[in-house]
Number of protein chains: 2
Amino acid sequence: MQKYNVLVADDEPEIRDAIEIYLKNENMNVFKASHGLEALDILEKEDIHLIILDVMMPGLDGIQTTFKIRESRNIPILMLSAKSEDTDKILGLTVGADDYLCKPFNPLELTARVKSQLRRYTHLGPYKATEDEIEVRGLVLNKRSKTVFVDQEEVRLTATEYRILELLIEHRGRVFSIEEIYEKVWKEPYFNGENTVAVHVRRIREKIEINPREPKYLKVVWGIGYKIEK
Amino acid sequence: MQKYNVLVADDEPEIRDAIEIYLKNENMNVFKASHGLEALDILEKEDIHLIILDVMMPGLDGIQTTFKIRESRNIPILMLSAKSEDTDKILGLTVGADDYLCKPFNPLELTARVKSQLRRYTHLGPYKATEDEIEVRGLVLNKRSKTVFVDQEEVRLTATEYRILELLIEHRGRVFSIEEIYEKVWKEPYFNGENTVAVHVRRIREKIEINPREPKYLKVVWGIGYKIEK
DNA sequence: CCGATTTCTTACAAATTTCTTACGAAGGGA
DNA sequence: TCCCTTCGTAAGAAATTTGTAAGAAATCGG
């Protein structure tokens, strides 16, 4: 999994440190700034994926900083504000931010919102360009609808089966070892001796192959792993 | 490319200015009004292609303004509302509007929706026009009047149910995870373990399906989420 | 052809995910 | 205020998926 870089700008060190702890716990890198100018500075030097800005800061405050950032970039911004401030006003002023939270905030909610913004940014954001539909000799996989067709006939795969097939078909031709498949699909370390992947491969074959004993699509490469024939 | 004229009506100058920046960046002209009457005035004098209206405004508010505009014109209207306001109310009242957004909003999302509406209105552009009425095998959803019909028979959905169904039917075929549905409809972060979406799905099925146990429209994709069959 | 290794196959129990129902709280309208 | 509708939660039921284990079959090097 990619490691995200998050920039936190707040004049109170306790808050910066607290947020740092929460986010590091979610496997993110945290950069800290005590005011807007410092934040802009870090933003230029580092490859930041998301910014948390406090509204009330000495010098450049959160709102001014947001405007500055928005002049050149579209990165997700999460605004923090004290509850005492007029929320209506805050609402108005935080335009330009992608989300906002009142202090004191619930750590769970903070991390949830951060993750949600990162998802949105990286999934729908400037990246993408991956094709929705992949086709290999009559085998069609649609990533948007998570459906699989064999010769126009829909095939119902389970979530795990689908993920294995998507991995293989997305890199068709390439051979994946059992260990590699397990770690990519389960996102957990693989321990030798597990038979799980083989069982799932069997089940996939049962569904997509005419004759599972002589697979046309999902082939084994002896002593190495599995692949989808190009 | 044609240059579009967009009218923004909001009593908060910061929001007007922010929106102006985003839209100018997309090569649009922006006219600004601080309340409904001023908006109607500008609308008469200028050749406006799209209107952004805040719900909460002194004098003529966004809803009253929409009704006034709709008496004579069919121009696209995008409604803005604070998240704190009751969504139930919002849904009911935004009848007449073509789209709506909660504040604080994501600038990317605002410009995307504005462009989408303009495309639809002017019938230009390579993208599909978003229809007011969406039909899937006897299930008809009208976005303008927020009504739903199953085989010509009207079905009364609640606000939340309607929004879930609209989300799914608008992207029919695509699978939405429970988390995705929750965040898109409630505009709040989702915490694991909540059963809310499932219950609403059940209620929707009870209303639109002949046999809720074997849904014809709103199907589950095990381990992934829900979708409306294409 | 043999033994060692790797993959396949099957069945079953455990785990996960979704469904269903009921109930109390909140809010709007009479 | 009372009634009605909608909403979210909880808890148990039902459905589906998943991993494990154990033996069979296939492949490879010699």
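Throughout, a chain's letter reflects where its sequence line sits, starting with A, and its residues are numbered from 1. Source: prediction; values computed, not measured.
- Each ring pair (Phe, Tyr, Trp, His ring centres under 6.0 Å) pair with one or both residues in residues 132-171 of chain A, not counting sequence neighbours, appears once here: H171(A)-F176(A).
- Under the salt bridge (Lys or Arg N to Asp or Glu O under 4.0 Å) criterion, R113(B) pairs with D99(B), E109(B), sequence neighbours left out.
- I210(A) meets the side chain to side chain contact (heavy atoms under 4.5 Å, CB included) test with no other residue; sequence neighbours excluded.
- Within residues 214-230 of chain B, the residues approaching DNA chain D are W222(B), by heavy-atom distance under 4.0 Å.
- Note on the helix from dC1(C)-dG30(D) to dA30(C)-dT1(D): terminal axis deviation equals 40°, with five pairs used at each end and the result rounded to 10°.
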Pair up each side-chain donor or acceptor in residues 221-230 of chain A with any protein partner under 3.5 Å, not counting sequence neighbours, and list the distances.
from: K227(A); atom 1: NZ; to: E229(A); atom 2: OE2; distance (Å): 3.3
from: E229(A); atom 1: OE1; to: K219(A); atom 2: NZ; distance (Å): 3.4

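- Taking every heavy atom of residues 188-203 of chain A and every atom of DNA chain C, pairs under 4.0 Å involve N195(A), V199(A), R202(A), R203(A), by number.
- When the salt bridge (Lys or Arg N to Asp or Glu O under 4.0 Å) test is applied to R172(B), no partner is found at least two apart in sequence or on another chain.
- Under the rule for a side chain to side chain contact (heavy atoms under 4.5 Å, CB included), the partners of N211(B) that lie at least two apart in sequence or sit in another chain are R213(B), E214(B).
- For D41(B), the side chain to side chain contact (heavy atoms under 4.5 Å, CB included) criterion is met by K45(B), not counting sequence neighbours.
- By the salt bridge (Lys or Arg N to Asp or Glu O under 4.0 Å) test, E209(A) pairs with no residue at all, sequence neighbours left out.
- Residue pairs satisfying the salt bridge (Lys or Arg N to Asp or Glu O under 4.0 Å) criterion with at least one member in residues 151-168 of chain A, sequence neighbours excluded, are listed as follows: E161(A)-K207(A).
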